[in-house]
Amino acid sequence: MEELNQREIEVKWQKKWKEEKTFEPKVDENKEKYFGTVAYPYANSILHIGHGRGYTAPDIFLRYQRLQGKNVLFPLGYHISGTPVLAVSDSIKRGDQEQIKRTKDALREYVQTEEEIETLIESFKDPMNIANFFSGTIEDSLDSIGVSIDWSRQFSTGDANYQKFIEWQFKKLDEAGVLVQGKYPILYSAADQNAVGEDDIKDGDTDKVTLSEMTYILFKLKDEEEYVAIATLRPDALFGTTNLWINKQGDYVKVSVDGQTWIVDKEAVVKLEHQFDEVKVISEHKGEEFLDKVCITPLIDREVVIYDADFLDPNHGTGIAYSSPAGSPHDFMGLQDAKKEGRVPEDLVPIVSVETTDKKGNIIEYKGSCAAEDKCLKFNITSSTDPKLEDAKQELYKEEHYGGKLNSEAGEFAGMYIKQAKDKVKEKLVGLNLAGTFYETSRRAVTRGGDKVLVACLDGQWFLNYKNQETKDKALSVLDQMEYQPHKLKATQEGYLNWVEMRPCARKRGIGTPLPQDTEWVIESLSDSTIYQMLYLVYGIISREKITSEKLTSEVFDFVMLRRGQVTEVSGGSGISEEVLNEMQAQVTYWKSFDLRYTGGTHLSNHLSFLIYHYSLIFDQEYWPKKVAVGGMLIRDGHKISKSKGNGLPLVQVPKQYGADLYRLYVALAANFDVEMDFREEDIKGLSKKFDRFKDLISLSLEQEKVEYSTLSSTNKWLVSRFYSRVEEYKEFFDSMRMREAYVSVFYEFMNEINYHQRRTSEEETSKVLRFIVEDYLKVMTPVIPHICEEFWSKLGNESSISLEMLSTDTEEFIDKEIEELEEIISTLVTSISRELENKPEAKMISIIQARTQRFELFDTLKGLLSQGGKPDFKKIMGELNQRFGDDKKFIQKFVPKTLGSGLSFYLSQEDERTLLEDTIDFFKAEFSVDFEIVNAEDVEMNSGTLVPGRPQVVGR
RNA sequence: GUGGGGGUAGCCAAGUCAGGUCAAAGGCGCUGGAUUUAGGCUCCAGUCCGUUAGGUUCAAGGGUUCAAAUCCCUUCCCUCACACCA
């Protein structure tokens, strides 16, 4: 057979797997099934090196399941619903050069000429073309790193057939009574009359805009049935109100809001219109018309006056503010400035309404008239425009939030902590019809088109309602029978299930399935990705039979997924043959739900929560999901992979630059899969050497003839035994999804033992042993480096694919613990001798000193005591030993407690130990080129404080 | 604000749930050696302090225990996710 390089080997086997449909499993009642899934990738660009980890990790685990003889299904589709594809398309339409360049770079991985690229870019003005193009690249990318996916079942969330399934899902949810309508605040553009997402907002990706929930409070004008409306984040500051601010130059209106007359800035009207039901402007006014009017502070009936302020932002809140200077550095400085300019009377002073204690419970004494003044002094603030005000505010708010209590100014709220008072005050005011929720954007924002972004409360928003206890209980019982990896995430998940209440599930923009109950709306892209794993089970047949969407009626899914209805009727109603319907149902019955879902940790709160709810609402217990494993991100050389950094090496480049096997090996070894992993150029280079050594070792071994186990020397049996001990360990690690530890053991650590063995014997002997274990060695390595293992496997003359082989199970006969323990004594000695010679390079003679006879007796006694069963009785053991070996108290005190856990380590009798050492002396001589002697501790002058059986001491002279 | 994750030697990173042969796996780096004309590769050894005995370590402090990186409490620091966004 001609020698192929790594790259050629990888391509060769990838092709072969595809041709032979190696990873397209069939229903097989005689084989245990294992159904693994991963979140389908989003098809708005090509995959990069970071994505690779998310597929490699589960692939390694699923390939291990095949080694266990299981029938493994690992399907995948593509996600295109929602806004990201739209966003790319819009950017291209807009002529966003950065986006166009990025997209072109991605295209270059797959398209040869610039002409074709231009054509494609042009076609991307239709978002569906983007989705279709990139879907195609995903299969290619994942194949290139050897992910064992069954592509015959692929679909995209934009497919008509997929959408029929989603429609069915929503009908089921509706039947379960969780689909409801209500009001909901969202970011909105009044000009576009549409919801806006991050991608629609100018700089929305770099400077996020969020909803900020404010409280509006109404101050009644004295002797009039009109209210001045202010909006605040701190309703508890109401009690410190000294006055209201209005801009005398500003334009204000009287507006009727749900029956009340409010005075607000003109700019606020559009916001009110989108957040309240009935909003109507009554009249327009200049700010100065309201100056010096008296208002009533709600709850405490304090009369406050409206004064002029030039610092108000007409776009923020209602454009009118209350001033609570004692607790707000901004208000305090505002007041100072106003005094200087004579806009307020001299005698207007801060009203302290909060008393704050520090962490030790002592009341904080503030300098000046109030806390805000103290902070202004501390931060050296002298004007109302000082940027340091923000820091002062943060510090004071934090202090008051944790340690502040309202004082007697707060009437019935006196004594209440600020933390609770915020909500309680608001609650009370709402009850009086003098306050409510008012939403504001977290920063001033405009759309890319330049229109103002505001908050609108949408009427008729569709929700999934997970609030009811009955619904929650069902979901919790699904969770109850699930396993999480890492385990502690199960508790986290439970928290999320309890926390989720009303989830908006449809939007007015984006790609997706129209909501069957109300086709004005499109099903939101996380809600359409919850139980879709079930669709894989039948999609192979749907594609093969070219079934079209109009045939996929609800009855079909009821029959296939839930075994409801009669096949004859369903067939008649849909036009799908009975045979095919039965075949589809059989797939679902066999594969049931997924045994593993591998996903990112951020999905716990949303995707996985909905998934669990939806399974619980639609499927019977037999079809509930089994296991969730959470994987971490991949970063490169300490940096997050991001578009702007351009450090996302395209995944298809990975096999070219490093090799698929090496990449996979690296992913398996560099970090536990559940934590963030740093892909470091340095490290993968180092690993490459070890990988080459592995290949050399296997190649050499293949030149050997396989021999009988009984003919192997005991040192050779040692290596065999070490290998199979490690295989046992490997299985345990894998069973608890600790892939990294499994491979540290069989790859790194075992290779160290191979090296030791080679030194202990010879290269040829080592090859002989490796030949003996090579089949199983290749098998345990197959999940992580499948290509090279296939190649070696075929060199051994096998016709079948190693990917579908089973790991040998009857290997206990090759594990010989005694041989391992004996060699352990030798190898420890080798290390000690090296060390001694390092310290005394001039030594000509090495003495190997055995422990005193009495120590052997002590060990025998201790062994007897420890083996008495049950938990070792510390006091009894110490007592007995001290009595019998009184002159060794110091040693007993120090050494014996350590043995209470896992017992004494292995040791031989004094005579047997001596025999072993004598037998090994030739090896030592050859290895170190000095003379050796074996002596007893009794016979030499030395401090033998810690010298114990099984660990002779080494002294050179 | 709400809810998570974490701090281990020069660096990366296991170990913590189930306390005990834990001065703490593995890798990288570094030092020395073997091999080599030399370098590289590969292999061997060392890498908290100390020549041994021993001493001092797992963010800091305290506690429980015969025994603590591991359990409990306190403090400090880093980090992630929070709803229409996949």
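Each chain gets a letter, A, B and so on, in the order its sequence line appears, and its residues count up from 1. Nothing here was measured: the structure is a model prediction, and the numbers come from that model.
Here B:U65 sits opposite no nucleotide as a Watson-Crick or G-U wobble pair (both hydrogen-bonding atom distances under 3.5 Å). For B:C11, the paired nucleotide is B:G27, the pair qualifying as Watson-Crick or G-U wobble because both relevant distances are below 3.5 Å. The partner of B:U21 cannot be assigned: no Watson-Crick or G-U wobble pair with both contacts below 3.5 Å exists in any strand. Across all strands shown, B:A81 is found opposite B:U2 as a Watson-Crick or G-U wobble partner, with both distances under 3.5 Å. Here B:C43 sits opposite B:G33 as a Watson-Crick or G-U wobble pair (both hydrogen-bonding atom distances under 3.5 Å).
Distance from the side chain of A:E749 is smallest for B:A25 among the nucleotides B:G27, B:A25, B:A45. Taking the side chain of A:T899 as heavy atoms from C-beta on, and the options B:U21, B:A81, B:G27, the nearest nucleotide is B:U21. Which of B:G26, B:C11, B:U21 sits closest to the side chain of A:N752 comes down to B:G26. Minimum atom distance to the side chain of A:K690 is reached by B:G27, of the listed B:C85, B:C44, B:G27. Taking every side-chain heavy atom of A:E741 into account, B:A14 is the closest of B:G26, B:A14, B:U21. Taking only side-chain atoms of A:T492, from C-beta outward, the nucleotide of B:C44, B:G4, B:A25 with the closest atom is B:G4. Among B:G27, B:A83, B:A81, the nucleotide with an atom closest to any side-chain atom of A:S605 is B:A81. Among B:C85, B:C11, B:C41, the nucleotide with an atom closest to any side-chain atom of A:R680 is B:C11. Among B:C82, B:G20, B:G26, the nucleotide with an atom closest to any side-chain atom of A:W499 is B:C82. In the set B:G26, B:U21, B:C41, the nucleotide with an atom closest to the side chain of A:F895 is B:U21.
Of the side-chain N and O atoms in A:N606, none sit less than 4.0 angstrom from OP1 or OP2 of B:C82. In this structure, A:R693 does not reach the B:C41 phosphate: none of its side-chain N or O atoms is under 4.0 Å from OP1 or OP2.
Here, B:G54 and B:A23 have their C1' atoms 13 Å apart, quoted to the whole Å. Between B:C77 and B:C71, the two C1' atoms lie 23 Å apart (nearest whole Å). B:A34 sits 25 Å from B:C49 when the P atoms are compared, rounded to a whole Å. Between B:U52 and B:G5, the two P atoms lie 43 Å apart (nearest whole Å). For the C1' atom pair drawn from B:G6 and B:U16, the interatomic distance equals 13 Å after rounding to whole Å.
For the residue pair A:Y40 / A:S529, a side-chain donor-acceptor distance below 3.5 Å is found, with atom types taken as modelled. Side-chain contact annotation: A:R760 with A:N755, donor-acceptor N/O pair under 3.5 Å absent. Side chains of A:Y466 and A:E501: a donor-acceptor N/O pair is absent below 3.5 angstrom, by distance only.
In this structure, A:R507 reaches the sugar-phosphate backbone alone: every heavy-atom distance under 4.0 Å involves primed, P, OP1 or OP2 atoms, never a base. Among the protein residues, A:H607 comes within range of no part of the nucleic acid, since none of its heavy atoms lies under 4.0 Å from any strand.
With hydrogens and angles ignored, the 3.5 Å screen pairs a side-chain donor or acceptor of A:Q181 with a backbone N or O of A:G460. In this structure, A:S736 contributes its side chain and A:R738 its backbone to no donor-acceptor pair below 3.5 Å.
Atom OH in A:Y743 sits about 20 Å away from atom C1' in B:A13, given to the nearest Å.
Taking the ring centre of A:F891 as origin, the terminal cationic atom of A:R855 falls inside the region bounded by 6.0 Å and 45° from the ring axis.
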